[in-house]
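Below, chain A is the first sequence line, B the second, and so on; all start at residue 1.
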There are 2 protein chains.
Amino acid sequence: MISRPPRPREKGIPEATVARLPVYLRALQVLQDRGTATVSSEALAGAAGVNSAKLRKDLSHLGSYGTRGVGYEVEYLIYQISRELGLTQDWSVAIVGIGNLGRALANYGGFGTRGFRIAALLDADPEVVGRTVASLEVRHIDSLEEVVHSKGVSIGVIATPAGSAQGVASRFVEAGVTSILNFAPVVLNVPDGVDVRKVDLSIELQILAFHAQRRADGDGREAERVGLEMT
Amino acid sequence: MISRPPRPREKGIPEATVARLPVYLRALQVLQDRGTATVSSEALAGAAGVNSAKLRKDLSHLGSYGTRGVGYEVEYLIYQISRELGLTQDWSVAIVGIGNLGRALANYGGFGTRGFRIAALLDADPEVVGRTVASLEVRHIDSLEEVVHSKGVSIGVIATPAGSAQGVASRFVEAGVTSILNFAPVVLNVPDGVDVRKVDLSIELQILAFHAQRRADGDGREAERVGLEMT
DNA sequence: CCCACTTTGTGCGTGCTTTCACAAGCACGT
DNA sequence: ACGTGCTTGTGAAAGCACGCACAAAGTGGG
């Protein structure tokens with residue numbers, strides 16, 4: 001197996017595909033731990049909970065890494081997906097808001113295998129600042145800029161109450177952080193070029209409630225439709 | 001805010017719309033707290049972070065609740081969206097896995113305004129069982145079935161380690177729970193008719209990393225493409 | 001070497017989402 | 001009553017995403 005020229009691929013991987021790559025990656029790692037060397041699209045799709053045609057099309061956006069009649073080599077595919085996702089380099093993460101959720105996040109080891117390193121924990125509460133959580137000393141929010149620069153933070157996680165989230169986001173942006181993961185239940189306003197993803201417990205519950213209600217409504221009547229997921 | 005007959009609408013709201021309704025709802029509640037009586041699609045869309053045409057089309061699926069030339073009445077719209085999402089009734093939630101995350105979830109008050117009530121906390125660890133978290137005594141996982149029935153649990157939240165998640169999911173399903181919110185990093189296997197939504201921290205981080213890397217690549221020039229092999 | 005079998009990669013039809021752009025509708029002032 | 005100004009609700013177009021079904025490509029047996 002010889003390396004390849006720069007690979008002319010690079011066009012743009014569909015967003016929907018990007019969202020599934022981490023799922024494939026995880027399934028592959030499970031297979032690898034089990035000692036599996038190769039896997040078919042059918043088998044991998046099963047493990048990832050998707051249709052096999054979709055999986056093949058997704059992987060085809062990365063290049064042609066399978067062998068017809070055989071399948072995909074697990075180790076090689078892990079490497080390719082990792083590289084595509086940018087996991088072959090390390091990302092420094094700062095978590096702001098060390099309440100229940102922030103602590104849970106800080107202690108959540110295996111941050112997606114590796115690739116992510118928690119570089120700092122920040123909070124505004126004097127009661128919390130100075131304490132040690134997950135082997136890191138919690139620093140005061142005022143040192144956000146300094147920490148971002150000195151630790152090379154490139155991803156900011158916001159786990160503060162809703163009221164403080166926008167302010168923290170703005171400071172992250174001001175400090176040069178362009179990737180933000182927001183757990184606070186507010187819509188963040190950021191300039192173009194900054195990528196914000198949100199994780200919102202109550203939204204998920206409300207979506208579940210909607211489908212549950214629908215199921216209950218039509219129960220006993222017309223045949224039912226099940227809502228699938230969509231992330 | 002007078003109600004109306006059941007409304008003959010009932011067609012089928014697009015999934016993409018359902019996922020945004022909770023966001024609109026939250027924005028509306030903020031407006032209401034501020035004392036705003038009516039709001040235009042433009043303003044509400046701004047607060048919710050979406051395009052105004054999209055917002056209008058989304059709302060049009062619920063019915064025709066706006067007034068041309070004026071906008072939407074905040075209170076009335078809150079009521080309609082709440083009703084559509086099934087928030088006018090109460091949902092009992094059981095959380096399994098009272099580790100860092102489970103505790104964070106249990107303590108996360110204002111579970112999306114209201115509509116959701118945490119009915120039980122369950123764990124397998126004898127060390128945790130019996131302790132009180134968020135005013136609730138943690139019960140042993142073995143009483144899952146009993147709890148689901150006696151408390152009328154209709155939504156199950158899984159906050160266990162990956163290894164235990166599938167087992168818990170199966171027991172939920174067996175006990176009749178058809179809505180599951182999964183925080184464990186595994187793909188759950190459930191029968192048709194069961195609705196599973198997943199929240200996955202490391203997947204979100206990986207998606208952020210992908211975009212961050214892409215931004216970095218195109219920056220300045222597009223040097224640095226690694227074409228290495230692995231065999 | 002050839003054939004039967006397996007599995008990938010993808011062209012294509014279908015359906016869902018988003019966005020545009022504008023007619024229709026309502027309030028208000030004159 | 002009527003015109004003006006604003007905002008909704010929605011056709012229509014464009015863009016994505018999904019999944020089928022099959023040709024292409026590789027393996028292994030005879």
Next item on the list: Drop me the distance from A:I158's CD1 to A:K198's NZ, to the nearest 0.5 angstrom.
Entry: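 Between atom CD1 of A:I158 and atom NZ of A:K198 there are 13.5 Å.
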
Below the 4.0 Å mark, does [N] have OP1 or OP2 next to a side-chain nitrogen or oxygen of [X]?
{"X": "A:Y72", "N": "C:dG9", "value": "yes"}
{"X": "A:R68", "N": "D:dC22", "value": "no"}
{"X": "B:S64", "N": "D:dG9", "value": "yes"}
{"X": "A:N51", "N": "D:dC20", "value": "yes"}

Whole angstrom value for the distance that separates [atom2] of [N] from [atom1] of [X]:
{"X": "A:L59", "N": "C:dT8", "atom1": "CG", "atom2": "C1'", "value": "10 Å"}
{"X": "A:E73", "N": "D:dG26", "atom1": "CD", "atom2": "P", "value": "16 Å"}
{"X": "A:K54", "N": "C:dT14", "atom1": "NZ", "atom2": "C1'", "value": "15 Å"}
{"X": "B:L77", "N": "D:dT8", "atom1": "CG", "atom2": "P", "value": "11 Å"}
{"X": "B:R20", "N": "C:dC16", "atom1": "CZ", "atom2": "P", "value": "15 Å"}
{"X": "B:I13", "N": "C:dT18", "atom1": "CD1", "atom2": "C1'", "value": "18 Å"}
{"X": "A:D58", "N": "C:dG9", "atom1": "CG", "atom2": "C1'", "value": "13 Å"}
{"X": "A:L62", "N": "C:dT10", "atom1": "CG", "atom2": "P", "value": "12 Å"}

Nucleotide of [options] approaching [X] most closely (side-chain heavy atoms):
{"X": "A:K57", "options": "C:dT10, D:dT10, D:dT8", "result": "C:dT10"}
{"X": "B:R56", "options": "D:dT27, D:dT8, C:dG9", "result": "D:dT8"}
{"X": "A:P14", "options": "C:dT18, D:dA17, C:dG11", "result": "D:dA17"}
{"X": "A:E15", "options": "D:dG11, D:dA17, C:dC20", "result": "D:dA17"}
{"X": "A:A16", "options": "C:dT17, D:dG19, D:dC18", "result": "D:dC18"}
{"X": "A:S41", "options": "D:dG9, C:dT8, D:dC18", "result": "C:dT8"}

Check: Side chain of B:Q166, backbone of B:N189: donor and acceptor closer than 3.5 Å?
Finding: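 Yes; at least one donor-acceptor contact below 3.5 Å.
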
Check: Does a side-chain heavy-atom distance below 4.5 Å link A:H61 with A:E84?
Finding: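 No, too far: nothing below the 4.5 Å cut-off.
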
Is the closest side-chain donor-acceptor distance between [X] and [Y] under 3.5 Å?
{"X": "B:D90", "Y": "B:S92", "result": "no"}
{"X": "B:Y79", "Y": "B:E75", "result": "no"}
{"X": "B:R26", "Y": "B:Q29", "result": "no"}

Next item on the list: Specify the residue among B:E42 and A:G69 whose closest nucleotide of DNA chain D lies further upstream toward the 5′ end.
Entry: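 Whichever sits nearer the 5' end wins; that is B:E42.
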
Checklist line | Residue mapping more 5' on DNA chain D - nearest nucleotide basis, A:T17 or B:V39 | finding: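 The answer here is B:V39.
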
Note to self: What's A:A53 touching, base or sugar-phosphate or nothing? Going by heavy atoms closer than 4.0 Å.
What the structure shows: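 It contacts base atoms.
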
